Amino acid sequence: MLSDTVIESPKLAVSRYIPEKGIELFEVAKAKKLEGVIAKKKDSRYYLDKRTKDWIKFKFLADKDFVVCGYIVKERGITSVVLGQYKGNELIYQGHVTMGVRHGDLKKLETIDHSPFAITPPGDEDAVWLKSVLVCVVNYMPNNKGVLRQPVFKGFRDDKEPLDCQM
C-alpha cells in the first residue's frame with residue numbers, strides 16, 4: 001500500500017478513502033468546503049499522463065449572480081468580463097469570467113469613461129467599463145480565498161436588478 005511507503009509531512013499526505021460511503025463522504029467534504037472527492041474503481045491503476053473512466057472527480061460548484069461592470073478583450077478575440085457585487089450601495093470588484101462570453105453581447109451595452117469601483121483593480125486599467133445595468137450568472141468552485149475559482153459564464157439575467165447582487 002502507498003501508506004506503507006510514503007512518509008507524510010505538512011506538504012505531503014496520502015489521500016484517505018472510505019469504501020462504499022461515497023455519498024456520505026461527499027457531504028462531509030462539502031460541509032468542510034473542500035474542493036470535491038474522487039471516486040475510483042477499487043482495483044483500478046493510476047497511469048501517468050493518461051485519463052481513464054476508472055477515476056472520477058466530483059467537484060463542488062456554485063452559481064452566483066454578478067453585475068457586469070466591464071470587459072477586457074484578450075488575445076485572439078477572447079473576452080473577459082469584469083464582475084462586481086454590491087455591499088450596500090457600493091459596487092465591489094469580484095473578479096473576472098472568461099469562459100462562455102461572446103464579445104458581441106457586450107458591445108451593445110452603454111460604456112462609461114471610468115471604473116465603477118472605488119479603486120480600479122490592478123490589471124484592469126485597459127478595461128472597457130460599462131454602465132452597471134446587466135446581471136449575469138457565473139458557475140464556480142467555492143473557496144475560502146474570496147476569489148472566483150474556475151469561473152464559467154452561464155448567461156445573462158433580465159429578471160434581476162444589479163442592486164439585488166449583494167455580497
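What you are looking at is a predicted structure, and each value in this text was computed from that prediction instead of being measured.
- The side-chain heavy atoms of Val73 and Tyr71, taken from C-beta on, include a pair separated by under 4.5 Å.
- Scanning for ring-ring contact (aromatic ring centres under 6.0 Å, His included) contacts around Tyr47 gives an empty result, with sequence neighbours left out.
- Atoms CG and CD, from Leu83 and Gln94 in turn, are 8.5 Å apart once rounded to the nearest 0.5 Å.
- Put simply, the side chain of Trp55 gets close to the backbone of Arg45: a donor and an acceptor are under 3.5 Å apart.
- Atom CD of Gln85 sits about 9.5 Å away from atom SG of Cys69, to the nearest 0.5 Å.
- No single ILVMFWY cluster, assembled from side-chain heavy atoms under 4.5 Å apart, contains both Val14 and Ile38.
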Give the intermediate values and the outcome of side chain to side chain contact (heavy atoms under 4.5 Å, CB included) for residues Leu130 and Val68. CA-CA 7 Å; Leu130 300 171; Val68 175; 3.9 Å; yes

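- With hydrophobic clusters built from ILVMFWY side chains whose heavy atoms lie under 4.5 angstrom apart, Val135 does not share a cluster with Val97.
- Applying the ring-ring contact (aromatic ring centres under 6.0 Å, His included) criterion to Phe156, with sequence neighbours excluded, gives Phe153.
- With sequence neighbours excluded, the residues satisfying side chain to side chain contact (heavy atoms under 4.5 Å, CB included) with Ala118 are Glu90.
- Remark: Lys32 NZ to Glu27 CD distance equals 13.5 Å, nearest 0.5 Å.
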Let's go through Lys59 and Gln150 carefully: what are the C-alpha distance in whole Å and the side-chain angles of both, what is the deciding distance for side chain to side chain contact (heavy atoms under 4.5 Å, CB included) to 0.1 Å, and is it a yes or a no? CA-CA 11 Å; Lys59 295 181 181 182; Gln150 300 178 0; 2.9 Å; yes

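- Hydrophobic cluster of Tyr86: the remaining members, joined at side-chain heavy-atom separations below 4.5 Å, are Val67, Ile72, Val82, Leu91, Tyr93, Ile112, Phe117, Trp129, Leu163, listed by chain and number.
- More than 12 heavy-atom neighbours from other residues, nucleotides or ligands sit within 6.0 angstrom of CG on Leu12.
- A search for salt bridge (Lys or Arg N to Asp or Glu O under 4.0 Å) contacts involving Glu8 returns Arg16, not counting sequence neighbours.
- Both Val81 and Val128 belong to a single network of hydrophobic side chains, linked directly or stepwise wherever heavy atoms of I, L, V, M, F, W or Y lie under 4.5 Å apart.
- In terms of hydrophobic clustering, with Ile, Leu, Val, Met, Phe, Trp and Tyr side chains grouped at heavy-atom distances under 4.5 Å, Leu148 and Val137 are assigned to different clusters.
- Qualifying side chain to side chain contact (heavy atoms under 4.5 Å, CB included) partners for Val133, counting only residues two or more places apart in sequence or in other chains: Lys131.
- A 6.0 Å sphere centred on NZ of Lys40 holds more than 12 heavy atoms belonging to other residues, nucleotides or ligands.
- Within the structure, side chain to side chain donor-acceptor pair (under 3.5 Å) contacts touching residues 111-128 (residues at least two apart or in different chains) are His96-Asp124.
- Clustering of Ile, Leu, Val, Met, Phe, Trp and Tyr side chains at separations under 4.5 Å leaves Ile7 isolated, with no partner residue.
- Here Met141 sits in one hydrophobic cluster together with Leu61; the rule is ILVMFWY side chains under 4.5 Å apart, joined directly or through other members.
- Taking Lys30 as the reference, nothing meets the salt bridge (Lys or Arg N to Asp or Glu O under 4.0 Å) condition, with sequence neighbours excluded.
- Each side chain to side chain donor-acceptor pair (under 3.5 Å) pair with one or both residues in residues 151-167, not counting sequence neighbours, appears once here: Asp65-Arg157, Asp65-Lys160, Arg157-Asp159.
- Linking ILVMFWY side-chain heavy atoms closer than 4.5 Å, directly or via other members, places Ile23 and Val37 in two distinct hydrophobic clusters.
- Note that CZ of Phe66 is 8.5 Å distant from SG of Cys165, once rounded to the nearest 0.5 Å.
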Worked verdict on Asp54 versus Lys41 for side chain to side chain contact (heavy atoms under 4.5 Å, CB included): CA-CA 5 Å; Asp54 292 342; Lys41 288 184 179 177; 3.4 Å; yes

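- Residues forming a salt bridge (Lys or Arg N to Asp or Glu O under 4.0 Å) with Arg149 (at least two apart in sequence, or on another chain): Glu35.
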